[in-house]
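Note sheet for the following structure.
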There are 2 protein chains.
Amino acid sequence: MSQAKNAKNTDEIVAQWKIERPDIDASPMAVCGDIWRASDRIKQAVADNAKKFDLDYPQFDVIMTLRRQGKGKTLSPSLLAKEMMLSTSAMTNRLDRLEKRGLIERIVDPNDRRGLRIALTDAGFDLVDTLVVSHVETEERMIENLTPEDRAELRRLLAKLS
Amino acid sequence: MSQAKNAKNTDEIVAQWKIERPDIDASPMAVCGDIWRASDRIKQAVADNAKKFDLDYPQFDVIMTLRRQGKGKTLSPSLLAKEMMLSTSAMTNRLDRLEKRGLIERIVDPNDRRGLRIALTDAGFDLVDTLVVSHVETEERMIENLTPEDRAELRRLLAKLS
DNA sequence: GTAAGGTAATTTGATATCGAACTATTTGAT
DNA sequence: ATCAAATAGTTCGATATCAAATTACCTTAC
């Protein structure tokens with residue numbers, strides 16, 4: 001995940017293809033590759049920050065999503081899964097681990113006995129409230145070289161992707 | 001991986017945090033989140049394309065890397081792993097599967113009996129040469145709404161990330 | 001009101017990943 | 001020359017993921 005020192009930059013990759021397949025315009029690889037790698041670096045930084053709180057990224061992801069719904073709010077496992085683009089079986093797994101750690105609890109849905117409501121425990125709530133500060137600092141550090149205009153422009157360009 | 005219909009856009013997420021934690025400027029989440037999601041969509045499209053050739057992304061990744069080195073060129077497993085930012089054990093796994101499919105072969109390094117040289121077979125070479133065409137088309141389709149200037153600007157901005 | 005089909009969550013089985021331990025070989029220091 | 005340390009690749013153990021199957025419950029159509 002972390003940027004390996006020896007990984008070629010995306011221009012070098014395009015140059016290699018230019019030699020091997022001069023009939024192909026490989027330049028999209030540079031654009032897509034740069035997005036890909038930027039994302040990997042952000043993911044790594046975010047995961048490293050979560051690790052400081054003894055959380056892996058999957059756990060971090062869930063409790064952040066729960067926290068931003070508001071104090072006392074709950075979500076069903078399937079909504080959580082949809083929200084974070086994950087299979088419900090992966091969500092079951094994440095919730096198992098978080099429940100074991102006492103950060104969330106599963107509450108039977110009073111209106112639908114098939115369903116559950118997932119709530120942060122007090123410990124989970126407190127943890128997120130500390131965590132989110134350094135999380136935002138981490139992300140800010142990743143993009144600190146971008147001016148406000150750069151940021152807006154970057155988002156505008158990314159929004160144009162199909 | 002695919003963009004879930006119900007996933008909130010990153011502005012909505014920032015807005016939720018604004019309510020819950022007005023003391024925090026969560027705007028970096030929107031920038032980083034947009035990069036993250038753009039990357040996920042590209043990854044999905046690339047994996048879907050590979051699937052048309054009965055390859056999963058990991059296998060695709062390896063044979064593309066080998067192919068662009070040039071016909072007949074070889075790389076060691078550890079260099080391959082470094083090149084694609086992967087553990088060597090994951091690389092062993094990928095090579096096992098590719099070897100079973102007859103797309104690559106492991107050749108003992110004549111200069112170092114600990115080492116291997118990984119080479120594409122003729123079948124592997126032919127497969128990549130078809131595959132790479134639709135791969136580039138796939139990536140081009142993802143960024144088709146970006147003008148050449150947009151693409152350069154996007155890369156310039158991404159390069160400014162820490 | 002009952003049966004058919006839909007939905008919620010979990011379980012199961014397969015695969016990919018990593019880090020650590022392991023085996024075999026090479027390199028380097030004396 | 002010898003032996004310790006480094007290196008190449010694999011194996012092992014743990015964890016995460018997905019898709020498909022499963023169980024339980026709800027909703028709809030009649």
Side-chain angles (χ1 to χ4, degrees), chain A residues 1-6 40 43-44 46-48 50-51 54-63 65-66 74-101 104-119, chain B residues 1-6 40 43-44 46-48 50-51 54-63 65-66 74-101 104-119:
Chain A
M1 208 108 133
S2 67
Q3 201 70 340
K5 297 156 201 67
N6 286 52
D40 280 353
K43 286 177 191 177
Q44 186 63 48
V46 167
D48 288 349
K51 191 133 205 172
D54 273 313
L55 287 171
D56 52 23
Y57 174 72
Q59 295 180 325
F60 164 84
D61 196 14
V62 173
I63 64 176
T65 301
L66 281 169
T74 60
L75 284 178
S76 67
S78 34
L79 251 172
L80 272 170
K82 202 180 283 184
E83 183 97 7
M84 45 194 74
M85 307 173 219
L86 209 63
S87 65
T88 56
S89 49
M91 188 52 60
T92 295
N93 181 320
R94 290 184 178 196
L95 295 175
D96 284 348
R97 281 176 289 139
L98 284 166
E99 196 174 33
K100 249 176 225 146
R101 279 200 53 182
I104 62 113
E105 47 188 350
R106 289 170 157 106
I107 301 164
V108 176
D109 188 329
N111 305 316
D112 185 343
R113 282 192 296 171
R114 291 170 308 182
L116 296 175
R117 313 297 309 178
I118 306 301
Chain B
M1 210 103 135
S2 66
Q3 201 71 341
K5 297 157 201 65
N6 287 51
D40 280 354
K43 285 176 192 177
Q44 186 62 49
V46 167
D48 288 349
K51 190 132 206 174
D54 273 315
L55 288 171
D56 52 23
Y57 173 73
Q59 295 180 324
F60 164 85
D61 196 15
V62 173
I63 64 176
T65 301
L66 281 169
T74 61
L75 284 178
S76 68
S78 34
L79 251 173
L80 272 171
K82 202 180 283 185
E83 182 96 8
M84 45 195 76
M85 308 172 217
L86 209 62
S87 66
T88 56
S89 50
M91 188 52 61
T92 296
N93 182 319
R94 290 184 178 196
L95 294 173
D96 284 348
R97 280 176 290 140
L98 284 167
E99 196 174 34
K100 249 176 225 146
R101 280 199 53 181
I104 61 114
E105 48 188 349
R106 287 172 159 105
I107 301 164
V108 177
D109 188 330
N111 305 316
D112 184 342
R113 282 192 297 171
R114 290 169 307 182
L116 295 175
R117 312 297 310 176
I118 307 301

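Every chain is numbered from 1, with letters handed out A, B, ... down the list of sequences.
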| Rounded to whole angstrom units, what separation is found between the CG atom of B:Leu95 and the P atom of D:dA8? | 15 Å
| C:dC18 C1' sits how many Å from B:Leu86 CG, rounded? | 9 Å
| message | Among residues at least two apart in sequence or on other chains, which ones pass salt bridge (Lys or Arg N to Asp or Glu O under 4.0 Å) with B:Glu105? | response | none
| query | Does the side chain of B:Ile118 reach to within under 4.5 Å of the side chain of B:Met91, using non-hydrogen atoms? | reply | no
| query | Are the charged groups of A:Asp61 and A:Arg94 less than 4.0 angstrom apart, N to O? | reply | yes
| query | Where along residues 110-117 of chain B does a heavy atom come under 4.0 Å from DNA chain D, residue by residue in number order? | reply | B:Arg114, B:Gly115, B:Leu116
| said: Could you tell me how far apart A:Ile118 (CD1) and C:dA8 (P) are, to the nearest whole angstrom? | reply: 14 Å
| query | When the distance from CG of B:Leu75 to P of D:dG9 is rounded to whole Å, what number comes out? | reply | 11 Å
| Between C:dT17 (P) and B:Lys43 (NZ): distance, integer Å | 12 Å
| request: Assess whether one donor atom and one acceptor atom, taken from the side chain of A:Ser89 and the base of D:dA19, lie less than 3.5 Å apart. | output: yes
| task | Look at A:Arg106 and C:dA9 and indicate whether a side-chain polar atom (N or O) is within less than 4.0 Å of OP1 or OP2. | result | no
| query | Looking for any heavy atom pair under 4.0 Å, which part of the strands does A:Ser78 touch: base, sugar-phosphate only, or nothing? | reply | sugar-phosphate
| said: I'd like to check the side-chain hydrogen bond (donor to acceptor under 3.5 Å, both in side chains) partners of A:Arg97; sequence neighbours left out, ordered by chain and number. | reply: A:Asp56, A:Asn93
| message | Mind checking if B:Asp109 touches a base, just sugar-phosphate, or nothing, with heavy atoms under 4.0 Å? | response | nothing
| note | Regarding the side chain of B:Ala90, the nearest nucleotide among C:dA9, D:dC18, C:dT17 is C:dT17
| query | Out of D:dG9, D:dA16, C:dT17, which nucleotide sits closest to the side chain of B:Pro77? | reply | D:dG9
| query | So, is A:Arg94 near the phosphate of D:dT17, with a side-chain N or O under 4.0 Å from OP1 or OP2? | reply | yes
| Where do A:Ser87 and A:Ala81 come nearest, in terms of heavy atoms and distance? | O-CB, 4.0 Å
| remark: Separation between CG (B:Leu116) and CG (B:Leu95), nearest 0.5 Å, reads 8.5 Å
| remark: Taken to the nearest whole Å, CG/A:Asp56 to C1'/D:dT15 is 9 Å
| query | Which part of the nucleic acid, if any, lies within contact of B:Ser87, taking any heavy atom under 4.0 Å across all strands shown: a base, the sugar-phosphate backbone alone, or nothing? | reply | base
| said: If I take atom CG in residue A:Asp61 and atom C1' in nucleotide D:dT15, what distance separates them, rounded to the nearest angstrom? | reply: 16 Å
| field | Between C1' of C:dA14 and CG of B:Asn93, the distance in whole Å | value | 12 Å
| Does any nucleotide pair with C:dA8 by Watson-Crick or G-U wobble geometry, both distances under 3.5 Å, and what is it? | D:dT23
| message | If you define the side chain from C-beta out and look only at heavy atoms, does anything of B:Asp109 sit under 4.5 Å from B:Thr74? | response | no
